[in-house]
Amino acid sequence: MARLAQTAGLTDVQQEILSTVRDFVDKEIIPVATELEHRDEYPQQIVDGLKELGLFGLMIPEEYGGLGESLLTYALCVEEIARGWMSVSGIINTHFIVAYMLKQHGTQEQKEHFLPRMAAGDVRGAFSMSEPGLGSDVSAITSKAVKDGDEYVLNGQKMWLTNGGTSSLVAVLVRSDEGHSPEEAAAKPHKSMTTFLVEKEPGFGEVRPGLTIPGKIDKMGYKGVDTTELIMDGLRVPADRVLGGVTGRGFYQMMDGVEVGRVNVAARGCGVAQRAFELGVQYAQQRHTFGKPIAQHQAIQFKLAEMATKVEAAHAMMVNAARKKDSGERNDLEAGMAKYLASEYCKEVVEDAFRIHGGYGFSKEYEIERLYREAPMLLIGEGTAEIQKMIIGRRLLEEYRFQG
């Protein structure tokens with residue numbers, strides 16, 4: 001991939017980081033990814049390697065022991081890791097969303113308590129918004145926190161936690177109608193939500209009093225990484241573990257983190273699409289039909305041209321969204337566009353590579369089979385295509401408001 005998905009204007013430090021990650025992916029992830037994925041095995045050795053590289057602290061400020069790098073650097077690293085195995089990028093994604101939320105919204109005590117250990121990889125983060133009956137309607141959250149002295153008591157069921165079992169810190173969004181009448185809470189549900197920083201032991205079962213992680217959800221793809229439920233039944237959390245120290249701000253804190261997550265999902269889509277193109281263009285030069293490599297047939301060349309163009313376009317939009325966020329500007333439009341385009345193009349590029357492989361693409365011996373099962377997750381994660389279109393449409397109407 002010497003020509004596609006290049007990023008202009010990177011510093012020497014960024015280029016060195018990316019080169020190191022790319023080498024790690026080629027040597028430590030790609031050779032074992034398919035075997036581990038088929039066994040649905042957590043890639044502990046790979047995770048230990050990422051920890052040694054310092055990637056768990058990539059975006060955490062230097063004052064807390066991290067590398068203090070930008071969202072762009074992080075997104076480009078995610079792109080490389082997802083090219084090797086998308087599940088590994090998922091292991092660091094939710095960790096970084098929680099670290100980002102702490103950096104942006106946490107109290108000084110919370111930052112000092114969590115960020116140094118998160119930078120070292122000793123504390124792993126997960127975040128939790130969704131619920132079994134919730135889908136994309138965050139305002140319909142039913143999990144609730146009730147104040148009891150210097151603590152809050154949390155009850156409810158959460159769903160789709162990436163790293164739910166292996167994490168030791170979960171940012172959980174629940175209702176807390178403290179200070180609001182029932183009528184106010186019903187009229188403005190987003191203003192009655194709070195994010196709690198819940199510490200727990202890694203593992204499954206009852207991981208602390210009142211908190212249960214039942215087990216891994218069996219998935220079509222995106223294996224290796226643990227996706228779980230989270231059940232709170234009388235879970236007591238100290239008041240100083242309210243993110244930012246003030247209730248009622250959780251929705252906005254989470255949405256800020258989700259913007260980072262959408263750039264991450266776009267980067268994952270770029271990485272998976274790049275790998276699918278690599279596999280497709282290699283196979284097309286090896287497979288012969290009618291006396292010549294299929295790459296010499298015009299139909300296949302057209303397909304490769306379309307695939308490469310989609311890889312390049314998705315990468316450019318992902319980079320633009322990351323740079324917009326790094327500049328301190330609002331980037332929900334750019335992040336929504338990047339996530340939407342990259343996930344859709346990823347699905348299409350993977351399917352074209354699958355078609356190029358013909359019958360062999362259906363065999364588990366070929367890597368494209370794994371990518372074919374992984375790509376659909378990107379159509380859903382951090383908001384479906386329909387949600388992204390709603391965000392994009394509303395923002396466009398704000399920017400292009402008709403003055404009549």
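All residue numbers in this chain count up from 1 along the given sequence.
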Around [X], counting heavy atoms of other residues, nucleotides and ligands shown, do more than 12 lie under 6.0 Å from its [atom1]?
| X | atom1 | value |
| --- | --- | --- |
| D233 | CG | no |
| E109 | CD | yes |
| Q44 | CD | yes |
| R208 | CZ | yes |
| E398 | CD | yes |

Candidate list I92, L18, L72, test side-chain contact (heavy atoms from CB on, under 4.5 Å), partner C77, passing option: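 Output: one option passes, namely L18.
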Return yes if some donor-acceptor pair links the side-chain N/O of [X] with the main-chain N/O of [Y] below 3.5 Å, else return no.
| X | Y | value |
| --- | --- | --- |
| K111 | Q104 | no |
| D40 | G224 | yes |
| S89 | I81 | no |
| Q274 | A82 | no |
| Q110 | T107 | yes |
| R275 | G271 | no |
| K144 | N155 | no |
| K364 | H38 | no |
| R395 | E334 | no |
| H315 | L4 | no |

Less than 4.5 Å apart, any side-chain heavy atom of [X] and any of [Y]?
| X | Y | value |
| --- | --- | --- |
| M129 | V258 | yes |
| D122 | K51 | yes |
| E199 | V123 | no |
| F196 | V242 | yes |
| Q14 | T7 | no |
| K103 | F114 | no |
| Y152 | R241 | no |
| V25 | W85 | no |

Spacing of [atom1] belonging to [X] relative to [atom2] belonging to [Y], to within rounding of 0.5 Å:
| X | Y | atom1 | atom2 | value |
| --- | --- | --- | --- | --- |
| L230 | S128 | CG | OG | 5.5 Å |
| T384 | K339 | OG1 | NZ | 7.0 Å |
| M390 | I387 | CE | CD1 | 5.0 Å |
| I97 | E259 | CD1 | CD | 11.5 Å |
| L67 | T73 | CG | OG1 | 9.5 Å |
| D218 | T227 | CG | OG1 | 10.5 Å |

Plane angle bin for Y372 and F354 - parallel if under 30°, tilted between 30 and 60°, otherwise perpendicular: parallel
Atom of [X], atom of [Y] and distance for their closest heavy-atom approach:
| X | Y | value |
| --- | --- | --- |
| T228 | G165 | CG2-N, 3.8 Å |
| K324 | R330 | CE-O, 3.5 Å |
| L115 | A99 | CD2-O, 3.9 Å |
| A342 | A314 | CA-CB, 3.9 Å |
| F277 | V349 | N-CG1, 4.1 Å |
| F56 | I60 | O-CD1, 3.8 Å |

Among N320, D256, D332, the one residue meeting side-chain hydrogen bond (donor to acceptor under 3.5 Å, both in side chains) with K325: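 Exactly one candidate clears the test, D256.
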From CA spacing to verdict: salt bridge (charged side-chain N to carboxylate O under 4.0 Å, His left out), E348, K310: CA-CA 9 Å; E348 294 170 12; K310 289 173 181 178; 2.7 Å; yes
Residue pairs fulfilling side chain to side chain donor-acceptor pair (under 3.5 Å) with at least one residue in residues 156-167, sequence neighbours excluded: T94-N163, E131-K158, Q157-E229, T166-D226
Of all pairs that satisfy side chain to side chain donor-acceptor pair (under 3.5 Å), the ones with a partner from residues 26-37, not counting sequence neighbours: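 Of all non-adjacent pairs touching residues 26-37, those that pass side chain to side chain donor-acceptor pair (under 3.5 Å) are D26-R83, T34-R370, E35-R39, E37-R373.
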Distance-only polar pair, side chains of E112 and Q108, donor-acceptor under 3.5 Å: yes
Counterpart residues, side-chain hydrogen bond (donor to acceptor under 3.5 Å, both in side chains), relative to S168 (two or more places apart): none
Residues V263, Y74; criterion side-chain contact (heavy atoms from CB on, under 4.5 Å); working and verdict: CA-CA 10 Å; V263 173; Y74 167 61; over 6 Å; no
Stepwise side-chain contact (heavy atoms from CB on, under 4.5 Å) check, Y64 with R117: CA-CA 9 Å; Y64 300 111; R117 292 183 294 149; over 6 Å; no
Lys/Arg N to Asp/Glu carboxylate O, E351 vs K347, below 4.0 Å: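 No, E351 and K347 are not salt-bridged.
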Chi angles and distances behind the side-chain contact (heavy atoms from CB on, under 4.5 Å) call for T195, F127: CA-CA 10 Å; T195 301; F127 84 113; over 6 Å; no
Audit row: H357, S363, side-chain contact (heavy atoms from CB on, under 4.5 Å) steps and yes/no: CA-CA 10 Å; H357 280 74; S363 168; over 6 Å; no
